[in-house]
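Just so it is clear: chains get the letters A, B, ... in the order the sequence lines come, proteins before strands, and each one is counted from 1. Reckoned from all heavy atoms, side chains included, excluding hydrogens, waters and symmetry mates.
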Number of protein chains: 2
Amino acid sequence: MTSPRRELRRRQLLEAARDVFAEKGYVAATVDDVVARCGVARGTFYLYFDDKLDVFGALVSDFFARVAGSIRSIELGADAAPPREQLRANLARVVTLAMDEPGMVKIAFGTAFGVDPALDERLARFYAALSTFMDETLQTGQRLGLVRGGDRRLMLSIAIGGLQQLLRDAVDGHVPSDEHALVDAVMDFLQSGLLAH
Amino acid sequence: MTSPRRELRRRQLLEAARDVFAEKGYVAATVDDVVARCGVARGTFYLYFDDKLDVFGALVSDFFARVAGSIRSIELGADAAPPREQLRANLARVVTLAMDEPGMVKIAFGTAFGVDPALDERLARFYAALSTFMDETLQTGQRLGLVRGGDRRLMLSIAIGGLQQLLRDAVDGHVPSDEHALVDAVMDFLQSGLLAH
DNA sequence: CCCAACGCTGACGTCAGTGTCAGTTGGTAG
DNA sequence: CTACCAACTGACACTGACGTCAGCGTTGGG
């Protein structure tokens, strides 16, 4: 039974940690930085988390879960929206989430891998689950002639990587970050690739 | 005037460091790990590098330079190979390099960002230079009708990210790592995207 | 009003990893 | 044989981030 008080403090610490990690990266960030930003004493931190890796893992896992949660499976009923619109809506949700949480994009897509073997494993499992789900969707798409032929895992890897990089670049300001433009760019790429015909 | 002796030792240390970083990630890796793998005393390390970040930076910068160096600009002369073949050859070189250096793929594409602000800056400059070069190539391609219209920065971001993720996944074994298949997959994606027409 | 439970504090001891440097080794030239 | 020097060694002193815990306020139910 976590009291509302506890829950609030926990959230404050998570937000402070997110900002510190986004700013200094995992290595340079210290627990002292986090508690300082939170205006709280060192010991308090350890009432809520085991250590630096624990908060980091909580942040990243939570964000990945939110990303995964923003993806709805594509309905094929006669009264459902066209699959392409459902795909676009999924993309739009992910992009919106990312633009709402620029710090988490930096952390989860930029810093999270290679920090700790155990965390890597957890993230790999997330990724595998998401990948399997999308693979099935793609398979259906191929059966219905909506998705071109080819090795689905390779296609997925490229598509997911492309989206990730686009979001990273948008957050870093390397690229304009208008949500609609980003979604369009991805849709166009999925639709036509890069080369003319 | 670096003696061949010195140069050799330096290379040994770099290789040891690469293996350690690939295995344990940046955070968990220690200078002791590196010298142990190299069969050399602690002090020796500091005759060649300032500290852990210095070797890391040397490894990553060198790898990025090799990647950039494996990309040739696309010639348009009447006696040159078709642009698409030149593009494929560039891709093939990058893929070959990546498969020859799986450890460096993990490090450079997985761990390198967010480790240190100064290093991030250096990498960002690399990325920007490469991106600008490719942007010009793409612009020419658009003028010649070989590349479809659209915001080049966005297209590039997606394409580069897609390739990176594919290489990461290939190295991690999430995806078959046959070089030819990987090159084909990317070419198909650039050619046709993901969706059927 | 009381006090028990809860949340919080921050100084403190610990320790893993760091970087140094006085001393050793081994190859080479005179 | 000796003198030299570049390369190497590894014990040592040091650092700073870590996690703890005994004690201090605060809050709210009785």
Looking only at the side chains, is there a donor atom on one of A:Asp135 and A:Thr132 sitting less than 3.5 Å from an acceptor on the other? no
Without decimals, in angstroms, what is the distance between A:Tyr48 OH and C:dC6 P? 12 Å
Separation of A:Asp32 atom CG from D:dC18 atom P, in whole Å? 7 Å
Remember a base hit wins even if backbone is also touched, and classify A:Phe49 as base, sugar-phosphate or nothing at under 4.0 Å, heavy atoms. nothing
C:dT20 P sits how many Å from B:Phe45 CZ, rounded? 12 Å
Residue closer to the 5' end of DNA chain C, B:Arg5 versus B:Val31 (nearest nucleotide): B:Val31
Side chain of A:Thr30 only, heavy atoms from C-beta on: which candidate in D:dC18, D:dT9, D:dA7 is closest? D:dC18
Can you check whether B:Thr44 has a side-chain N or O nearer than 4.0 Å to OP1 or OP2 of D:dT9? yes
Under 3.5 Å, side chain of A:Lys106 to main-chain N/O of A:Thr111, donor-acceptor pair present? no
Could you tell me the separation between the NZ atom of A:Lys24 and the P atom of D:dG16, rounded to a whole number of Å? 13 Å
Separation of C:dC8 P from A:Leu8 CG (nearest whole Å): 9 Å
Just to confirm, is there a sub-4.0 Å distance from OP1 or OP2 of D:dA7 to any side-chain nitrogen or oxygen of B:Ser3? yes
To the nearest angstrom, the CG-P distance between A:Leu47 and D:dC21 comes to 12 Å
Within this structure, what is the CG-to-P distance between B:Asp50 and C:dG17, rounded to whole angstrom? 21 Å
Find which nucleotide of DNA chain D each of B:Arg42 and A:Lys52 is nearest to by heavy atoms, and output the residue with the more 5' nucleotide. B:Arg42
Side-chain N or O of A:Arg9 versus OP1/OP2 of C:dG7: is the shortest distance under 4.0 Å? no
What I want to check is whether the side chains of A:Arg148 and A:Gln142 have a donor and an acceptor closer together than 3.5 Å. no
So, does B:Tyr46 get its side chain near the phosphate of C:dC21, meaning an N or O under 4.0 Å from OP1 or OP2? no
No-hydrogen, no-angle side-chain donor-acceptor test under 3.5 Å, A:Gln165 and A:Asp169: yes
How long is the line joining CZ of B:Arg6 and P of D:dA6, in whole Å? 11 Å
Is the shortest distance from a Lys or Arg side-chain nitrogen in B:Arg37 or B:Glu15 to a carboxylate oxygen in the other one below 4.0 Å? no
